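Data first, discussion second: the structure below is written as structure tokens.
Source: prediction; values computed, not measured.
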Amino acid sequence: MPDDRLPENISETVSVPLSTEALRHFTDALAAATTAEAAYDALCALTKATVGAKLFTVMTVDMTAMLACRTYTDDPENYPTSGTKPIEMNDWFEIVHGQHRSFVANTLEEIDQVFPDAELIGALGCGSVINLPVLIGSELAATINILHEPGYYTEARVEAAKALLTLPAMATLAFARQL
């Protein structure tokens with residue numbers, strides 16, 4: 001019996017038993033987490049098990065100071081978690097912050113239009129991205145940044161990411177803020 005809460009075409013991307021198992025592992029890992037990194041590790045594992053990712057990062061935002069900070073990465077050598085960077089008012093900002101929609105690009109050319117590190121992204125074997133906004137109190141609090149090979153994030157995978165990761169991302173961020 002299909003799960004009515006998931007997109008119709010999710011079976012093209014991930015099986016419901018797999019997503020249920022991955023969510024169970026995420027729930028257990030988040031419940032056992034004692035650090036923000038452990039919580040983000042659980043979200044990263046859920047993302048890789050359900051939607052797929054070669055690179056996974058989390059950027060938190062401080063809209064008052066107009067700064068973004070990478071608070072988690074699964075590739076600290078290429079994408080460290082140190083420092084902040086100014087938030088740029090561009091098309092990406094309007095989509096993710098203004099409209100609270102996911103930004104999706106499936107080619108390096110599209111990525112290069114909004115991210116200055118497109119060359120590094122390509123060198124890591126990535127060429128597609130989903131930036132999933134995480135809202136807390138109706139305000140953008142972070143983005144979950146999921147990257148994979150060019151063309152990977154089909155419409156079905158994007159819908160699966162929204163359906164399967166939005167609530168776990170909110171829970172993870174809320175947990176990490178409490179530490």
Side-chain angles (χ1 to χ4, degrees), residues 6-7 9-10 12-14 40 43-44 46-48 50-174 176-177:
L6 300 176
N9 56 359
I10 197 167
E12 297 170 17
T13 306
V14 61
Y40 288 127
L43 183 60
C44 180
L46 174 65
T47 301
K48 289 182 176 190
T50 56
V51 180
K54 285 187 172 190
L55 175 65
F56 178 91
T57 69
V58 177
M59 296 286 292
T60 54
V61 296
D62 179 342
M63 295 310 299
T64 304
M66 292 299 288
L67 293 173
C69 177
R70 186 175 299 108
T71 55
Y72 179 85
T73 181
D74 70 347
D75 184 354
E77 184 177 322
N78 290 295
Y79 284 94
T81 58
S82 59
T84 60
K85 65 181 184 178
I87 293 173
E88 294 185 33
M89 307 298 269
N90 57 19
D91 291 342
W92 179 93
F93 180 86
E94 175 54 29
I95 291 167
V96 176
H97 178 73
Q99 300 172 24
H100 297 162
R101 292 187 306 123
S102 294
F103 173 83
V104 180
N106 270 301
T107 67
L108 277 175
E109 293 77 23
E110 292 172 326
I111 290 171
D112 190 43
Q113 292 176 12
V114 293
F115 299 121
D117 58 344
E119 188 174 322
L120 174 58
I121 290 169
L124 296 173
C126 298
S128 60
V129 64
I130 301 173
N131 300 121
L132 182 70
V134 181
L135 306 177
I136 295 185
S138 298
E139 295 293 324
L140 181 68
T143 59
I144 305 305
N145 311 303
I146 313 162
L147 292 90
H148 215 299
E149 64 196 32
Y152 185 81
Y153 292 117
T154 62
E155 186 176 330
R157 285 188 175 117
V158 172
E159 291 306 312
K162 289 188 238 180
L164 295 170
L165 301 176
T166 297
L167 187 56
M170 292 169 65
T172 301
L173 190 63
R177 285 179 157 191

Atom pair CZ (Arg70) and OG1 (Thr60), whose distance is rounded to the nearest 0.5 Å: 10.5 Å

Rounded distance [0.5 Å steps], CD1 in Ile130 versus CG in Leu165: 8.0 Å

By side-chain hydrogen bond (donor to acceptor under 3.5 Å, both in side chains) - contacts of Lys85 (at least two apart): none

Non-hydrogen side-chain atoms of Leu120 and Asn78 separated by less than 4.5 Å: yes

Candidate pair Tyr79 and Asp117, rule side-chain hydrogen bond (donor to acceptor under 3.5 Å, both in side chains), full reasoning: CA-CA 10 Å; Tyr79 284 94; Asp117 58 344; 2.7 Å; yes

4.5 Å side-chain heavy-atom contact, Leu147 and Lys54: no

Closest heavy-atom pair and its distance - Val51, Ala160: CG2-C, 4.2 Å

Minimum heavy-atom distance between Gly127 and Ile121, given as atom pair plus value: N-CG2, 4.5 Å

Heavy-atom check, side chain of Val134 versus side chain of Val58, under 4.5 Å: no

Pairwise side-chain contact, Leu164 with Leu46, heavy-atom cut-off 4.5 Å (strictly under): no

Where Met59 and Asn145 come nearest, the two heavy atoms and their spacing: CG-ND2, 3.4 Å

Set of residues satisfying side-chain hydrogen bond (donor to acceptor under 3.5 Å, both in side chains) with respect to Tyr40, sequence neighbours excluded: none

Parallel, tilted or perpendicular, as decided by the 30° and 60° cut-offs, for the rings of His148 and Tyr152: parallel

Rounded distance (nearest 0.5 Å) linking atom CH2 of Trp92 with atom CD1 of Ile87: 7.5 Å

Any donor-acceptor pair under 3.5 Å from Asp74 side chain to Phe56 backbone: yes

Heavy-atom pair of closest approach, residues Cys126 and Leu55: SG-CB, 4.3 Å

Nearest non-hydrogen partners of Thr84 and Cys69, listed with the distance: CG2-CB, 4.0 Å

Closest approach of Leu140 to His97 (non-hydrogen atoms, all atoms of both residues): CB-ND1, 3.6 Å

Spatial distance of atom CZ (Arg101) from atom CD (Glu94) [nearest 0.5 Å]: 8.5 Å

Ile146 side chain reached by Tyr153 side chain, heavy atoms, under 4.5 Å: yes

Nearest-0.5 Å distance that lies between atom CG in Leu173 and atom CG in Leu43: 9.5 Å

Atom pair CD (Gln113) and OG1 (Thr107), whose distance is rounded to the nearest 0.5 Å: 7.5 Å

Pairwise side-chain contact, Val61 with Thr143, heavy-atom cut-off 4.5 Å (strictly under): no

Residue Glu119 excluded, over 12 heavy atoms near CD under 6.0 Å: no

Whether over 12 other heavy atoms sit under 6.0 Å from Glu88 CD: no

Under 3.5 Å donor-acceptor, Asp62 side chain and Leu67 backbone: no

